[in-house]
Amino acid sequence: MVALLSLAFLAAPLFADEAATDQCEKAKTELAVAGGHRSNGELDKAVEAYRAIVKERSSCRVQAAEAQMHIGEIYQNEKKCAEAVEAFEAVVRSFKDQPDLCVAAFGKMARTYKASGKLEQALQSYKRIIQGYPSRPADCADAMLARASIYEEKQDYGKAEIECRKLMRAYGSNPALRPHCRFAHFQICCEMKAAGRLDEARKAFEGIKDDAGDSYAAQALLKRAEIFVTQGKNDEAIQEFQSLIDRYPQHKNTWLQAKFLLADVYLDKGDMESARAIVKEISEGEAIKGFGYLYYDLMSLQHRCGDAAWRDSAKKYIKYKSTSSDRGQADFPPVEIAFNFENDLPKAQKLAVEFVEKHPNHPLAATAAFMRGSCLLATGDKEGALAVFDTLIATYSKLPDARSYTNAALEASADIVLESGRPDEAIRRIERMDARTATEKASKLDKMGRVYVRVKDWAQATTAFDRAVRTPGASADTIYTALFDLGNCYYRTGDIAAARACMSRVASKEPDSQQARKAQAMLYLWSTAEGGSW
């Protein structure tokens with residue numbers, strides 16, 4: 001009897017293990033069934049099936065965690081931010097024993113927040129990876145780079161640079177993370193450039209040396225050339241672009257970008273012959289065939305050169321876009337070609353209307369609506385344009401992907417109501433613009449100042465421009481634009497000393513820049529007592 005009992009006790013765990021294995025096999029089958037519902041677009045059924053797995057197969061930790069993750073992904077794709085975040089939080093709360101899925105959940109949570117415009121929450125989600133999983137250096141490095149990218153999007157270049165430097169300090173000695181560190185080094189240089197520290201950025205890019213297997217050295221050359229262009233040093237830019245073209249033909253994308261930008265510089269210099277030669281070389285070469293999206297840029301260059309071949313590039317661009325699984329993306333090129341290149345406003349307006357009717361919920365619908373309003377405005381139908389802009393604002397103002405066009409519609413409609421003698425309404429429209437970054441806030445204040453100038457309310461204008469200039473973290477270009485406007489405002493009110501001080505600061509920014517040249521011209525006009533012009 002004792003022997004039989006012992007055997008029974010020994011067999012019990014065996015049967016339990018078999019039962020658990022059987023449960024997990026069933027969970028795998030149920031995951032496949034739920035996945036089928038999801039593939040067929042039966043999302044409610046899919047969510048219900050995944051929830052059942054989480055509830056009934058909780059002992060199968062991997063499968064239950066995967067099911068919970070799929071619930072979050074469905075809500076994420078449906079742009080249901082709150083539901084998606086709740087589902088991903090459930091993964092990290094209930095399945096701490098599945099670190100791979102927990103890290104993935106934090107990342108998806110961050111991307112959900114970012115897509116919804118909630119950048120601070122996205123930053124915190126990535127921070128939770130860094131703080132919670134220090135034993136996973138690759139995931140932490142990815143999170144740091146993602147945080148730097150968000151700060152760059154916010155135009156907070158100082159914090160973006162700090163994030164990249166943290167990564168390099170933490171993982172610079174880790175051979176496995178050398179690509180992360182190379183990218184962080186490159187990004188630091190880009191942050192300097194974006195912040196207007198151009199000479200410092202150019203020197204920093206020079207520190208990025210050739211390293212087999214990556215293209216950072218080629219990209220650094222490209223960025224250095226772009227800095228020369230920004231500084232108005234076209235001859236130096238041409239030299240850098242040509243150096244890249246000669247040294248890095250294997251990096252096709254960067255090489256083509258250099259070709260395009262070199263043609264742009266020649267056009268700016270008025271050297272049409274050199275620009276046309278480059279454009280012809282690009283259009284007849286094989287390299288561009290691997291980068292179909294560049295046909296739009298080629299079309300732009302050909303159009304500027306007066307080359308009728310831009311129509312052939314337009315056809316290739318449309319053909320390339322037609323392969324997109326996103327039907328809105330695929331259907332949009334005819335609208336932008338009619339609007340931006342053919343200058344056929346009736347056609348552009350008709351295509352824009354058709355696009356919005358066909359894809360009312362697509363992010364590009366806001367773009368098409370704005371083009372339609374712009375067509376009406378260009379043909380003198382201001383009331384019609386105002387109605388279209390107001391519909392755009394009401395329909396798309398809450399869509400993160402449409403933010404730039406709802407802001408543009410508010411600005412354009414503000415101009416319309418201002419011209420009709422309604423300055424207070426114009427100000428209210430500008431106040432409604434969704435300014436999130438420091439640069440956007442400064443630019444918004446500058447736009448308000450310009451409205452006050454139009455109605456000769458110099459006190460309000462001066463206050464708005466001064467606040468724009470003092471916006472911490474705004475880009476150098478935006479600050480100097482506001483400073484230029486503030487100088488003009490001071491001159492109009494008779495404060496000549498303050499006006500000269502503002503213009504002198506702008507004139508010393510970059511001696512060869514367009515802003516500096518405009519400021520120098522104003523100072524010259526004032527010095528000859530001819531008066532400044534607004």
Side-chain angles (χ1 to χ4, degrees), residues 149 152 178-194 198 201-269 271-305 307 309-310 312-321 323-324 333:
S149 174
E152 185 176 356
R178 179 169 174 75
H180 289 76
C181 293
R182 287 274 288 173
F183 183 71
H185 183 185
F186 182 79
Q187 284 301 110
I188 288 169
C189 302
C190 291
E191 309 310 340
M192 292 176 179
K193 178 176 179 283
L198 299 184
R202 200 175 68 240
K203 291 175 183 175
F205 279 122
E206 288 172 3
I208 297 178
K209 306 300 182 186
D210 283 305
D211 191 358
D214 67 41
S215 63
Y216 292 122
Q219 292 177 47
L221 254 178
L222 186 75
K223 296 297 182 183
R224 274 159 43 195
E226 289 175 348
I227 290 170
F228 280 130
V229 172
T230 302
Q231 293 176 319
K233 300 175 180 178
N234 286 335
D235 291 336
E236 291 90 335
I238 289 170
Q239 198 170 19
E240 293 283 77
F241 284 132
Q242 195 59 57
S243 176
L244 190 162
I245 291 163
D246 293 341
R247 290 166 58 186
Y248 296 106
Q250 72 275 27
H251 296 303
K252 292 298 183 184
N253 193 8
T254 307
W255 185 86
L256 277 169
Q257 288 181 60
K259 285 277 189 181
F260 279 112
L261 292 170
L262 181 57
D264 263 330
V265 174
Y266 280 129
L267 284 171
D268 289 342
K269 283 170 63 75
D271 188 346
M272 188 69 75
E273 185 179 348
S274 296
R276 282 176 174 163
I278 293 172
V279 171
K280 184 179 180 183
E281 182 186 349
I282 294 171
S283 63
E284 295 178 355
E286 291 295 315
I288 193 171
K289 293 178 182 178
F291 302 94
Y293 61 90
L294 288 177
Y295 278 113
Y296 184 89
D297 297 309
L298 178 60
M299 177 173 41
S300 301
L301 278 176
Q302 289 170 324
H303 193 265
R304 289 176 65 193
C305 289
D307 184 352
W310 73 264
D312 292 329
S313 296
K315 291 176 184 176
K316 291 173 182 175
Y317 178 60
I318 291 173
K319 185 177 179 181
Y320 165 76
K321 282 289 187 178
T323 62
S324 173

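The first residue in the sequence is number 1, and the count goes up from there. Hydrogens, waters and symmetry mates play no part in the numbers below; they use all other heavy atoms, side chains included. Quick caveat, the model's predicted, so the values are computed rather than measured.
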Nearest non-hydrogen partners of [X] and [Y], listed with the distance:
{"X": "Leu244", "Y": "Ala218", "result": "CD1-O, 3.1 Å"}
{"X": "Gln302", "Y": "Ser313", "result": "OE1-OG, 2.6 Å"}
{"X": "Lys259", "Y": "Ile278", "result": "O-CG2, 3.5 Å"}
{"X": "Pro249", "Y": "Arg247", "result": "CD-C, 3.3 Å"}
{"X": "Asp210", "Y": "Ala217", "result": "OD1-CB, 3.4 Å"}
{"X": "Ser243", "Y": "Leu221", "result": "OG-CD1, 4.0 Å"}

Report yes or no: does Lys233 contribute a side-chain atom to a donor-acceptor pair with the main-chain N or O of Thr230 at less than 3.5 Å?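 Not a single qualifying donor-acceptor pair exists.
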
Under 3.5 Å donor-acceptor, Thr323 side chain and Lys319 backbone: no

Steps toward side-chain contact (heavy atoms from CB on, under 4.5 Å) verdict (Arg304, Asp264): CA-CA 9 Å; Arg304 289 176 65 193; Asp264 263 330; 2.3 Å; yes

Rounded to the nearest 0.5 Å, what separation is found between the [atom1] atom of [X] and the [atom2] atom of [Y]?
{"X": "Ile238", "Y": "Ser274", "atom1": "CD1", "atom2": "OG", "answer": "8.0 Å"}
{"X": "Gln219", "Y": "His251", "atom1": "CD", "atom2": "NE2", "answer": "8.5 Å"}
{"X": "Arg276", "Y": "Tyr266", "atom1": "CZ", "atom2": "OH", "answer": "15.5 Å"}

Taking C-beta and beyond as the side chain, do [X] and [Y] meet within less than 4.5 Å on heavy atoms?
{"X": "Tyr320", "Y": "Leu294", "result": "no"}
{"X": "Leu261", "Y": "Phe241", "result": "yes"}
{"X": "Lys289", "Y": "Tyr295", "result": "yes"}
{"X": "Leu298", "Y": "Lys316", "result": "no"}
{"X": "Leu301", "Y": "Leu267", "result": "yes"}
{"X": "Trp255", "Y": "Ile245", "result": "yes"}
{"X": "Ile288", "Y": "Ser283", "result": "no"}
{"X": "Ile227", "Y": "Phe205", "result": "yes"}

Ring-plane angle category for Tyr216 and Phe183, please: parallel below 30°, perpendicular beyond 60°, tilted otherwise.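 Aromatic pair Tyr216/Phe183 classed tilted.
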
Aromatic plane relationship, Tyr293 with Phe291 - under 30° parallel, 30 to 60° tilted, over 60° perpendicular: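 Ring orientation, 0 to 90° scale: perpendicular.
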
Cationic N near anionic O, under 4.0 Å, Lys280 to Asp307: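 No.
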
Ion pair Lys223/Glu226, N-O distance below 4.0 Å: yes

Run the ring pair (Phe, Tyr, Trp, His ring centres under 6.0 Å) test against Tyr317 and tell me which residues pass, sequence neighbours left out.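 Ring pair (Phe, Tyr, Trp, His ring centres under 6.0 Å) check on Tyr317 returns Tyr296.
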
Is the CD atom of Gln250 crowded by more than 12 outside heavy atoms at less than 6.0 Å? yes

Does a sphere of radius 6.0 Å around CD in Gln239 hold more than 12 heavy atoms from other residues, nucleotides or ligands, not counting ones at 6.0 Å or beyond? no

Tell me, with the steps shown, if Arg178 and Asp211 meet side-chain contact (heavy atoms from CB on, under 4.5 Å). CA-CA 11 Å; Arg178 179 169 174 75; Asp211 191 358; 2.9 Å; yes

Indicate every side-chain donor-acceptor pair of residues 185-193 with a distance under 3.5 Å to a residue at least two apart or in another chain.
unit_1: Gln187; atom_1: NE2; unit_2: Glu152; atom_2: OE1; d: 3.1

